[in-house]
Peer 1: 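First the structure, which I've put down as structure tokens, then a few questions once you've had a look.
Quick note: numbers below take in every heavy atom, side chains included, and nothing from hydrogens, waters or symmetry partners.
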Amino acid sequence: MQLKLSKMGYIENTLIKTIKINDTLWHSKIKLNTRITSILIYFSQNEISKSILKDVSNNYSENYFELPINSVKNSLEYINSKMIELGLPFSKLKLNNIKKTSPTKLQANLTIIKRHKNRTVDDIIVKGYKKFPKSYLKHFLKLKKHQVFDLKNINKKTKLLDDLRFADQIKSPEILFSKDSTSLYLYINKSQSNTFDGFLGFGTNEETNKLDFNGYLNLNLTNNLNYGETFKLLYKGDENNQKTFEANLTLPYLFKTPIGVDLQLNIFRRDTTFSNTTQSAKIHYQINSKHKIYTGVSNTKSDNLLVANSSSHIKNYSTNYYSFSYYYLKPQYDNLLFPFNSSLFLDTNFGKRENNQNSEKQYLMNLEGFKIINLNNKNSLYLRVNGSILQSNTYFENELLRFGGINSIRGFEENSILASKYGVINSEYRYQLNKSIYIHSVTDVAYFENKLNDSKEKLFGYGFGFGLLTKSGLLKLNYVNGKTEKQNFKLSNSKIHISLKTRF
């Protein structure tokens, strides 16, 4: 009790007497005497910066600062933590020559004990995953040799390993201090980061009343060469006799710089009508673990496969775009069903389209993002937006945007809707039964315009689904009924989408 009173400023309190009431209760009488309110602390010039003193005191100069008596302990601990951040992990603070200058004030000298010179990280050693890409240490974790040693900052940076899909931190980093050097040990494990994703969809064909099947295969290979590279391969075929092939290659941190390269090839073919081939090359800069920006160029060439002049809306053309993009991804730790909490991708493209008749400027913008709002451990809301705008003076059918299906508005056939602009809102109310099973509702709303045929329409999708985490991966099933604004509800318009995402 006397110690607690001393911290409050009654440093001259005296114990008068103590009486034992019973085995657990004592009665003490303490004389408080005069309360000390503040202390003036003198220190050697240039040992503590004014920015630090500003955080702890309202009255300071180049050689002293004043503290309320009840904040001395916390303030000195704060100053010491700042000394540690400057590379002095073994520094200590001590008050000497403490004396009273008035009945309510004290004065003291501050001694800073520096047992070693300023410490820097002289070596970074990775244990477990010895082939961990060194460029990620420098540019992703921001850990470099000869940095000022600060354990708190190191722990904060190594926490970013949780944001990587191909590596996990086994345990907290350790430090080895020797007389003349400081070594940082990181304990990292290479994790399974390759994914195989596919789905099967089926529904009733409105024209033939027969059952139609569609689906896709999506292969994602990450860090197989221990470089942090990513290779994606997508093949999709749907009930409208449309086929999509897409390949993406991402090479991060080229030549040990924060700059990376993204290459893409996309081939789309609709039956015997037309085929589009798009090639793009971008460079990206990883700002930090969550933010990335891109710039690059792309070219699309479209070929009319029909007999000449058989369709006035399908033309041979070529487009060239300059693109600028931004990507944000925030992970969600300790949740295998929903590993990511939010994401945003904004892509803008400026350029022109050329064909045999003329050349005109075009603008294309794509937006995609989602957010999970966690209500509690079991209940959450999932919100996703997805949209694109193609701005042009004239439009060809084979350049229009295509959407519909499991990755846009559910309850409709894959890529069955053509638009010059569209926007989709997906929403789910999710209830997690346990760590491996959840059920959810489906409410999708979309609006699109097609300036080629001067049409505007609203679309709706309603249904339910579930997700099951198995040994093979995450199995998802959605049952959704899709309808237009003017269309009546029909059970035959329902679609069942099944997908399985496997990690290996």
Side-chain angles (χ1 to χ4, degrees), residues 195 197-203 214-216 218 290 328-346 367-388 403-414 416-417 422-448 457-470 472-485 487-503:
T195 60
D197 185 13
F199 86 87
L200 175 67
F202 51 92
N214 64 89
Y216 80 91
N218 189 0
K290 296 181 177 64
Y328 168 81
L329 182 64
K330 180 182 179 181
Q332 185 167 265
Y333 307 114
D334 302 324
N335 194 322
L336 297 177
L337 287 173
F338 316 123
F340 300 103
N341 178 266
S342 54
S343 174
L344 177 65
F345 178 70
L346 177 63
L367 172 67
E368 183 175 351
F370 73 85
K371 171 67 177 177
I372 295 177
I373 303 173
N374 294 303
L375 305 177
N376 52 44
N377 291 334
K378 291 184 175 294
N379 297 273
S380 62
L381 295 176
Y382 170 81
L383 300 173
R384 178 178 179 264
V385 294
N386 179 29
S388 295
F403 74 105
I406 192 172
N407 293 314
S408 55
I409 182 163
R410 291 162 289 188
F412 291 84
E413 296 176 352
E414 288 292 314
S416 61
I417 306 164
Y422 73 89
V424 180
I425 299 177
N426 307 113
S427 65
E428 297 178 3
Y429 170 76
R430 295 171 171 176
Y431 180 73
Q432 199 164 333
L433 299 174
N434 53 47
K435 292 185 177 181
S436 59
I437 303 175
Y438 74 98
I439 56 176
H440 65 89
S441 64
V442 174
T443 304
D444 292 351
V445 180
Y447 170 80
F448 75 93
E457 201 160 4
K458 296 177 182 177
L459 308 174
F460 303 91
Y462 305 101
F464 60 89
F466 74 86
L468 174 63
L469 190 62
T470 68
S472 299
L474 181 59
L475 174 66
K476 294 193 292 185
L477 183 145
N478 294 328
Y479 176 86
V480 186
N481 184 273
K483 63 181 290 293
T484 65
E485 185 179 18
Q487 189 179 32
N488 294 324
F489 175 84
K490 289 184 179 180
L491 191 62
S492 60
N493 290 336
S494 298
K495 302 288 182 183
I496 297 177
H497 302 288
I498 303 173
S499 68
L500 175 65
K501 188 171 187 177
T502 302
R503 186 178 293 272

Peer 1: Quick one: are Ser380 and Glu428 in side-chain contact, heavy atoms under 4.5 Å?
Peer 2: no
Peer 1: Among all residues two or more places apart in sequence or in another chain, which pass the ring-ring contact (aromatic ring centres under 6.0 Å, His included) test with Phe338?
Peer 2: Tyr438
Peer 1: Say you draw a straight line from CG of Asn386 to CG of Leu367; how long is it, rounded to the nearest 0.5 Å?
Peer 2: 7.5 Å
Peer 1: Would a 4.5 Å heavy-atom cut-off, applied to side chains only, mark Ile417 and Tyr422 as touching?
Peer 2: no
Peer 1: Out of curiosity, Leu475 CG to Lys501 NZ, how far, rounded to the nearest 0.5 Å?
Peer 2: 13.5 Å
Peer 1: Under the rule for salt bridge (Lys or Arg N to Asp or Glu O under 4.0 Å), what residues qualify as partners of Lys458, not counting sequence neighbours?
Peer 2: none
Peer 1: Give the intermediate values and the outcome of side chain to side chain contact (heavy atoms under 4.5 Å, CB included) for residues Gln432 and Asn335.
Peer 2: CA-CA 11 Å; Gln432 199 164 333; Asn335 194 322; 3.9 Å; yes
Peer 1: Can you list everything that forms a side chain to side chain donor-acceptor pair (under 3.5 Å) with Asn377? Sequence neighbours excluded, please.
Peer 2: none
Peer 1: Looking only at non-hydrogen atoms, find the nearest pair between Asn376 and Asn379 and report the distance.
Peer 2: OD1-N, 2.8 Å
Peer 1: Is the shortest heavy-atom distance from the side chain of Gln332 to the side chain of Asn374 under 4.5 Å?
Peer 2: yes
Peer 1: Any side-chain heavy-atom pair from Asn426 and Val442 closer than 4.5 angstrom?
Peer 2: no
Peer 1: Run the side chain to side chain contact (heavy atoms under 4.5 Å, CB included) test against Ile373 and tell me which residues pass, sequence neighbours left out.
Peer 2: Lys371, Leu375, Leu381, Leu383
Peer 1: Got a sec, which residues hit ring-ring contact (aromatic ring centres under 6.0 Å, His included) with Phe448, two or more places apart in sequence or on another chain?
Peer 2: Phe403
Peer 1: Locate the shortest heavy-atom distance separating Asn434 from Ser436; write the atom from each residue and the value.
Peer 2: OD1-N, 2.8 Å
Peer 1: Identify the heavy atoms of Asp197 and Ser499 that sit nearest to each other, and give their distance.
Peer 2: OD1-CB, 4.3 Å
Peer 1: Glu457: which residues meet the side chain to side chain donor-acceptor pair (under 3.5 Å) condition with it, sequence neighbours left out?
Peer 2: none
Peer 1: Quick one: list whatever passes side chain to side chain contact (heavy atoms under 4.5 Å, CB included) with Leu329, sequence neighbours left out.
Peer 2: Arg165, Tyr327, Phe340, Ser343
Peer 1: Do Phe460 and Thr443 have side-chain heavy atoms sitting under 4.5 Å apart?
Peer 2: no
Peer 1: State which residues pass side chain to side chain donor-acceptor pair (under 3.5 Å) with Tyr462; sequence neighbours excluded, sorted by chain then number.
Peer 2: none
Peer 1: For Ile425, does the CD1 atom sit with more than 12 other heavy atoms under 6.0 Å from it, leaving out its own atoms?
Peer 2: no
Peer 1: For Ala446 and Ile409, which heavy atoms make the closest approach, and how far apart are they?
Peer 2: CB-CD1, 3.6 Å
Peer 1: Closest heavy-atom contact between Pro331 and Lys290?
Peer 2: CD-CE, 4.3 Å
Peer 1: What salt bridge (Lys or Arg N to Asp or Glu O under 4.0 Å) pairs are there with at least one residue in residues 435-448, not counting sequence neighbours?
Peer 2: Arg410-Asp444
Peer 1: If I take atom CD1 from residue Ile498 and atom CD1 from residue Ile406, how far apart are they, to the nearest 0.5 angstrom?
Peer 2: 9.5 Å
Peer 1: Sequence neighbours excluded, which residues qualify as ring-ring contact (aromatic ring centres under 6.0 Å, His included) partners of Tyr429?
Peer 2: none
Peer 1: Roughly how far apart are Ile372 CD1 and Tyr382 OH, rounded to 0.5 Å?
Peer 2: 7.5 Å
Peer 1: Residues in side chain to side chain donor-acceptor pair (under 3.5 Å) with Glu368, at least two apart?
Peer 2: Arg384
Peer 1: Atom CG in Leu477, atom CG in Leu468: separation rounded to 0.5 Å?
Peer 2: 10.5 Å
Peer 1: Applying salt bridge (Lys or Arg N to Asp or Glu O under 4.0 Å) as the test, list every pair that has at least one member in residues 473-485; sequence neighbours left out.
Peer 2: none
